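Quick caveat, the model's predicted, so the values are computed rather than measured. Numbers for residues simply follow the sequence, beginning at 1.
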Amino acid sequence: MQSSLSFFTSNKKIMALNAKIPEGPLKDKWQNYLDKTNIVNPANRKKIDVIVVGGGLSGGGAAASLAELGYNVKVFFFQDSARRSHSVAAQGGVNAAKNYKNDGDTIYRMFYDTVKGGDYRSREANVYRMAECSVDLIDHMTAQGVPFGREYSGYLSNRSFGGVLVSRTFYARGQTGQQLLLATYQAMMKQVKKGTLTQYSRHEILDLVVVDGKARGVIVRDLITGKIERHSAHAVVLGTGGFGKIFYLSTLAMNSNGSATWRAHKKGAYFANPSWTQIHPTALPQAGEHQSKLTLMSESLRNDGRIWVPKKKDDDRKPGDIPEEDRDYYLERRYPAFGNLVPRDVASRAAKERMDAGHGIGKLKNAVYLDFKTAIDKLGEDTIKERYGNLFTMYQKITNINAYKEPMKIAPSAHFSMGGLWVDYELQTTIPGLYAVGEANFADHGANRLGANSLLQASVDGNFILPNTISNYLSNEIRTGKISTDTPEFDEAEKTVKAQLEKILAIKGNMPVDKIHRRLGQVMFKEVAMSRNEKGLKWSIEEIRKLRDEFWTNVAVAGDADGMNSELEKAGRLADYLEIAELMAVDALSRNESCGAHFREEYQTEDGEAVRDDVNFMYSAAWEWMQGKDWKLHKEQLEFKDIEVKTRSYK
């Protein structure tokens, strides 16, 4: 990237971004697509190889489904088992418009809630399809053995999540992600036994190989031996999750990273809306500089917990000593229609406003209370324990506080990436043959994701959507034959990968990787998180560039590349984060409006609500890598034909 304050160019003669949205009414688009798309004969599927990167709900679901269809599938993940993919950490539930509560839920209402929750910055057709597929997902996962919570009658139970007025969230206590992942893992292992799926654990993708404009394979590193390997395929699928660990302190696993999608971006895949990252309102607050991650407390707790702060600034009384008249239930006060179940971006900004105004609680004044006393008095402790028992146990293990007797302390934390690789309706990126599923793509959530839609998107992308769309591309590959790895493109990709590893090891500086990463996270959370402004964004870009220069001149990485080297792994991922971070700030600087999680302080109402600019910014920003010389902006204009675009309000 250039060192001047020239951040990007807007492409006037842009390549048209063809989203490939099917014709017909919104409710018929997916069926119309399925009726007309090309498919591959079962006998020909045996001739086609597919690489899937990522073993979580989206990647694992795609790998299992494609293998069951008869394709030859390789799946790569850096964990020792796909069961340790970060999907396991999702707690609260998965949404589906099945209307089991008979409370008026429909596919359209779910579509409406999701588009509104994303502040009218998502693609209509993709969102409706996600809502449509949600209905079958619950039956699919139940059949695979997921122990969803049930009512006494035997019916599957539901609860509410933020941003909706109905109960559509299916759950397995506070372990929904884990249970869905175990079902997905079992489906994968079935195909491993059949011989249609090969797993490569402890392997990390270091580059995408593009041959004649098509994705044809990957370069990976065996994290145990250090060996660099070449793998070819007719198509590549990325299900590698988001890049929220860029903030260093986040709810994500320590090894979660954005390197696979970023290296695909540098090979030609456009990156969409990178600044749209979600700050989750209910995580445990940072306790000190020693911490390397934060712990998520499920949004489901906001069903029964009430969020408040002391009305008096710097009030050091214990929560039990603060009477009701001295408490500010600020979400209930500001948003009476939704109360504590407002969307995450709204809840997080409201918490930040109270803390900035001097009403934060705890030693660092960086938290608010989540109080269950009202619910326990009304429903009884046993009911609350049945709903959230494992979450309360986890909280007590970490804090030594019994949340049945004393309010939890919670704070906003980096959590999810709404931005990701730009994909069309088929989930194909701007590189033919390269697909992105789940959090790795940008497609379904707009500028803010509603709670319990993450597990939904990951599951339907991998199990239902990709297996039906990738055949349209693979139907033209049945005569291609095996893809050779002995080509100049594979040679060059492997050479580039080895050169970067050697370059990092040759620096021999004295600044640990984690220290640079922590400083990057501090810059990002200060200026590119819950609220942004022009001055702060420009400052952040300069600071990111300084950190990047320091990394490439002074990072300390011991050891070599010929075996296990966790510091080398972290350094490679941080090198990518130092580029992603700049694009996030550039993207935020280019969008002169507030929408969803992108809150520009210059564009707000007198009472602190977001002000969108639908005339100038009703688009998804798709950024093209320009070989390190800034980025080129392409715009996918968004059209809303089946929903009224209006100011998002939860009051």
Contact between [X] and [Y] at the side-chain level, heavy atoms closer than 4.5 Å - yes or no?
X    : Y    : answer
K293 : S250 : no
V523 : E542 : no
M130 : N453 : yes
I21  : D424 : no
L633 : Y619 : yes
D614 : V645 : yes
V423 : Q428 : no
M530 : D345 : no

**Report entry** With E204, the salt bridge (charged side-chain N to carboxylate O under 4.0 Å, His left out) member among R573, K570, R263
**Finding:** R573

Requested in this report: Quickly, which of R612, R591, R449 forms a salt bridge (charged side-chain N to carboxylate O under 4.0 Å, His left out) with D119? Name it, please.
Outcome: R612

Query raised in the report: Using 30° and 60° as the class limits, which term best fits the ring planes of W30 and Y33: parallel, tilted or perpendicular?
Result: parallel

So, the side chain of [X] versus the backbone of [Y]: is there a donor-acceptor pair under 3.5 Å, distance only?
X    : Y    : answer
H598 : E593 : yes
S85  : S87  : no
Q91  : S298 : yes
R532 : S275 : yes
Y473 : A235 : no
N472 : T37  : no
E439 : S454 : no
N468 : F464 : yes
D613 : F617 : no
E527 : N533 : no

Mind checking the [atom1]-[atom2] spacing from [X] to [Y]? Nearest 0.5 Å is all I need.
X    : Y    : atom1 : atom2 : value
F247 : L294 : CZ    : CG    : 12.0 Å
W552 : I516 : CH2   : CD1   : 10.5 Å
S417 : K245 : OG    : NZ    : 12.5 Å
L17  : E636 : CG    : CD    : 6.5 Å
C595 : Y603 : SG    : OH    : 12.0 Å
I219 : T496 : CD1   : OG1   : 9.0 Å

Report task. Using the salt bridge (charged side-chain N to carboxylate O under 4.0 Å, His left out) rule, take E543 and R545 through it: C-alpha gap first, then chi angles, then the decisive distance, then the call. Result -> CA-CA 5 Å; E543 291 300 306; R545 290 174 175 176; over 6 Å; no

Just checking [X] against [Y], ring centres under 6.0 Å apart?
X    : Y    : answer
Y270 : H265 : no
H445 : F416 : yes
F111 : Y128 : yes
F243 : F271 : yes

Do [X] and [Y] meet the cation-pi criteria used here (NZ or CZ under 6.0 Å from the six-membered ring centre, within 45° of the axis)?
X    : Y    : answer
K116 : Y650 : yes
K632 : W623 : no
R129 : Y425 : yes

Requested in this report: Please assess S65 against L466 for the test side chain to side chain contact (heavy atoms under 4.5 Å, CB included), listing each intermediate value before the final yes or no.
Outcome: CA-CA 9 Å; S65 298; L466 179 84; over 6 Å; no

Query raised in the report: Is the shortest distance from a Lys or Arg side-chain nitrogen in D113 or R168 to a carboxylate oxygen in the other one below 4.0 Å?
Result: yes

Under 6.0 Å from the [atom1] atom of [X], do we count more than 12 heavy atoms belonging to anything else shown?
X    : atom1 : result
R519 : CZ    : yes
K651 : NZ    : yes
N38  : CG    : yes
E601 : CD    : yes
Q637 : CD    : yes

Looking at every heavy atom in both [X] and [Y], which two are closest together, and how far apart are they?
X    : Y    : value
I544 : L578 : CG2-O, 3.4 Å
L180 : S459 : CD1-OG, 4.4 Å
T169 : G92  : CG2-O, 4.2 Å
S259 : D576 : OG-OD2, 2.6 Å
N95  : G451 : ND2-O, 2.9 Å
A125 : K29  : CB-CD, 4.0 Å

Requested in this report: Would you please name every residue forming a side chain to side chain contact (heavy atoms under 4.5 Å, CB included) with A264, sequence neighbours left out?
Outcome: L208, L238, A269, L421, L434

Going by atom types only, do [X] and [Y] share a side-chain donor-acceptor pair under 3.5 Å?
X    : Y    : answer
E534 : N592 : no
S58  : D461 : no
R121 : N448 : no
E579 : W262 : yes
H415 : T251 : yes
E299 : T282 : no

Query - D356 vs R349, salt bridge (charged side-chain N to carboxylate O under 4.0 Å, His left out): CA-CA, chis, key distance, verdict - result: CA-CA 10 Å; D356 289 348; R349 278 198 301 275; over 6 Å; no

Query raised in the report: Would E582 and R548 count as a salt bridge (charged side-chain N to carboxylate O under 4.0 Å, His left out) if you check the C-alpha gap in whole Å, the side-chain angles of each, and the deciding distance to 0.1 Å?
Result: CA-CA 10 Å; E582 182 172 342; R548 189 164 59 241; 2.8 Å; yes

